[in-house]
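Just so you know, these numbers come straight off a predicted model, no measurement behind them. Chain naming here is simple, since letters A, B, ... match the order of the sequence lines and numbering starts at 1 in each.
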There are 2 protein chains.
Amino acid sequence: MKMNERHLMQLAAVLDCGGVSEGAALLGMTQPAVSRSLSMLEARVGEPLFIKGRRPLQPTALGLQLAIHGRAILTASRRATDAVQGHLKGTSGVVRVGGVPFFMDALVSQMIASFHQEEAEITVNQSYGNLPELVSGLDAHLIDLAIAPVGTTHPGTAYEFIDILPGRNVVACRTGHPLMRRTRPRATDLAAFPWIAPLPGSPLMTDLQMILLSIGLSELNIRYSGGSLMSVMNFLADSDALAVLPFSVVFALRRENRVTMLPFDIPQPDRSLGVLRRLDAPRVPAADRFVNHIIRVFDDLKHTIKRHENAVVWTR
Amino acid sequence: MKMNERHLMQLAAVLDCGGVSEGAALLGMTQPAVSRSLSMLEARVGEPLFIKGRRPLQPTALGLQLAIHGRAILTASRRATDAVQGHLKGTSGVVRVGGVPFFMDALVSQMIASFHQEEAEITVNQSYGNLPELVSGLDAHLIDLAIAPVGTTHPGTAYEFIDILPGRNVVACRTGHPLMRRTRPRATDLAAFPWIAPLPGSPLMTDLQMILLSIGLSELNIRYSGGSLMSVMNFLADSDALAVLPFSVVFALRRENRVTMLPFDIPQPDRSLGVLRRLDAPRVPAADRFVNHIIRVFDDLKHTIKRHENAVVWTR
DNA sequence: TCATCTTCATAGCAAATTGCTATACAAGCC
DNA sequence: GGCTTGTATAGCAATTTGCTATGAAGATGA
């Protein structure tokens, strides 16, 4: 007893409007077309859907029941068109964004929040990973975009990379750390304190190796590893340990006044944080909007950083 | 951006089955038919719904979204066919039954409960009324059937009346009523006690008039009126008042052992309780099933009453 | 790396459906 | 009864649907 979904919708429209002509008008059709649809539906069902010979058109129990389902179809259809409209305009949909953990936690999560203020209809799905995982996530279309530091090993021409922040690491420590009393701490001073290792696979790990090399040490006194940014921050704030962190991450967390950075120059990675996308990925306007938002906010961040540094220089 | 609901359903089926061929099979169609539907949908939307050149067919974000709505349509459609199947078999649907208050409360409500044990899918909508209201309810198709006592004034040939229980009234009183001590109370005895008047419009009201006439009294000492059966029972049980009630109602309530009937003969109405339906009403199989159930249970009730009376005769 | 297999896309055709206009019909209303 | 309103039917053109046959392209395995 499979019946035509279009007919069910028309039935619902007719019952909602209280007449064949009105229902037809609602659907942008003519009365005879709808009338015939109803006849066909009745013929298929084999039972009357309307009580014959009654002017304010009156449905039978079955007609009423079927109209319920017709209404469901009607609303689903309307929602589908809404979804397409929203998708085309980018005002609704889902954005799946992957990123390296520390940046996601310190910066992007807040940006997602501010994005949601503007675009309440868009759902953002966040996931974590380092560059290789993110790239394969893009390849498998598991994520729409990745926010990651990308350096000399650009993943390839199949990808678009939008640079949003030059890589810049600092040695972070708690506010009031013993080394902060010195105007210029030396390499040997740094080696005297315990260190926090970055997450395995993180580019910060190679950065840390480079730092070791540059200050002529074979190994550091690693006392903590594997923590998320929040864990690292907690550890850092409650100990004299040191950690290599992106400058922007430390900057973003300056309000909390728990960690700061040592005035110690370390070799900088040839890397930039940016948005990575597959060029051949299907267009997701919601993702476009999200990327635009991210770029805009990062741009603001750059200016804030600049103003902040100028201010610091002046007050020195 | 109105799109074809059938296409949306096919999209949903394809994504659920993980392939065009499988989805087509699920819908009982061929692969090319579905394939073309998807192409047409894509063309209408203007955006890809699938990621090209990828063998385990992978939908885009938009494809996924639209499939959700397609699924909704699919389930609504399935439910519609279920509704028709259920309607035809009478195993689902709604039965709207109207009836005179006392019978509904004392007998039919229990029967509806037992009916629901057998036919869990059928919803029963109960309403109250006396014969004129019930008939106009049938005329306006507000109820599918009426359970009411019908006498000489049969409503007409447009209706079907199924007799289920001959009318038989008794004078009811509480158990332990003073009059129960007498083997044969007399009319003047009855007049000495307060009476409960039936609901206005109830056939019991005319019955009461007839009783008055037969015992040669001009009026009774009416002390309570307008109550539902439960109220009447409560009043009856807690007072020495008398009431005219259908025998079957008193019989049905014998378990509670709160009221009984006086061994006093009263004129019986030329009336029968039965099921009244419009002949031209649309067929509602669920209602048929309900009526069958009612008839069956009332038949059982008749036999029970007979056995009970025989037993009473024996033990006397 | 090539042959093979599976799965999707396209072409072409017959049949069904859809939508329209014009018109007949039926129920309510004076 | 006659009028008004709203529904059903007829007939026709255009579109859509579904099919079979076949081509194309990613996946698979030696």
Colleague: Need to verify one output field. Residue with the more 5' nearest nucleotide on DNA chain D, Arg6(A) or Gln31(A)?
Modeller: Gln31(A)
Colleague: Are side-chain heavy atoms of Ile294(A) and Met111(A) found at a separation under 4.5 Å?
Modeller: yes
Colleague: With rounding to the nearest 0.5 Å, note down the distance linking CD1 in Ile112(B) to CG in Leu107(B).
Modeller: 11.0 Å
Colleague: Taking the side chain of Arg36(A) as its heavy atoms from C-beta onward, which of dA9(C), dG19(C), dT9(D) lies nearest to it?
Modeller: dG19(C)
Colleague: Could you state the atom-to-atom distance from CG of Leu15(B) to C1' of dT7(C) in whole Å?
Modeller: 16 Å
Colleague: Remember a base hit wins even if backbone is also touched, and classify Ser35(B) as base, sugar-phosphate or nothing at under 4.0 Å, heavy atoms.
Modeller: base
Colleague: Using OP1 and OP2 only, check whether a side-chain N or O of His7(B) sits under 4.0 Å from dT17(D).
Modeller: yes
Colleague: Is Asn4(A) close enough to dA16(C) that one of its side-chain N or O atoms is under 4.0 Å from OP1 or OP2 there?
Modeller: no
Colleague: CE of Met29(A) versus P of dT7(D): gap in Å, rounded?
Modeller: 14 Å
Colleague: Will you find, in the side chains of Ser77(A) and Glu5(B), an N or O donor that is under 3.5 Å from an N or O acceptor?
Modeller: yes
Colleague: Leu11(A) CG to dT7(D) C1': how many Å, rounded?
Modeller: 15 Å
Colleague: Between dC8(C), dT17(D), dT7(D), which nucleotide gets closest to the side-chain atoms of Glu22(A)?
Modeller: dT7(D)
Colleague: Whole angstrom is fine here: how far is it from CZ in Phe50(B) over to C1' in dT7(C)?
Modeller: 13 Å
Colleague: As a test of reading the structure: which of dG19(C), dA8(D), dT10(C) is closest to the side chain of Gln10(A), going by heavy atoms?
Modeller: dG19(C)
Colleague: Could you tell me whether the side chain of Asp163(B) and the main chain of Gly274(B) form a donor-acceptor pair under 3.5 Å?
Modeller: no
Colleague: When the distance from CG of Leu49(B) to P of dA9(C) is rounded to whole Å, what number comes out?
Modeller: 11 Å
Colleague: Between Thr30(B) and dT20(D), is there a side-chain N or O to OP1/OP2 distance below 4.0 Å?
Modeller: no
Colleague: In whole angstrom, what separates Leu38(A)'s CG from dA8(D)'s C1'?
Modeller: 11 Å
Colleague: Is any side-chain N or O of Ser21(B) closer than 4.0 Å to OP1 or OP2 of dC8(C)?
Modeller: yes
Colleague: Using whole Å, what does the distance between atom C1' of nucleotide dT18(C) and atom CD of Glu5(A) come to?
Modeller: 15 Å
Colleague: Go through dA8(D), dA9(C), dT17(D) for me and flag the one nearest to the Met40(B) side chain.
Modeller: dT17(D)
Colleague: To the nearest Å, how far apart are Glu42(A) CD and dT9(D) P?
Modeller: 10 Å
Colleague: Looking only at atom types and distance, does a side-chain atom of Thr60(A) sit under 3.5 Å from a main-chain N or O of Ile51(A), one as donor and one as acceptor?
Modeller: no
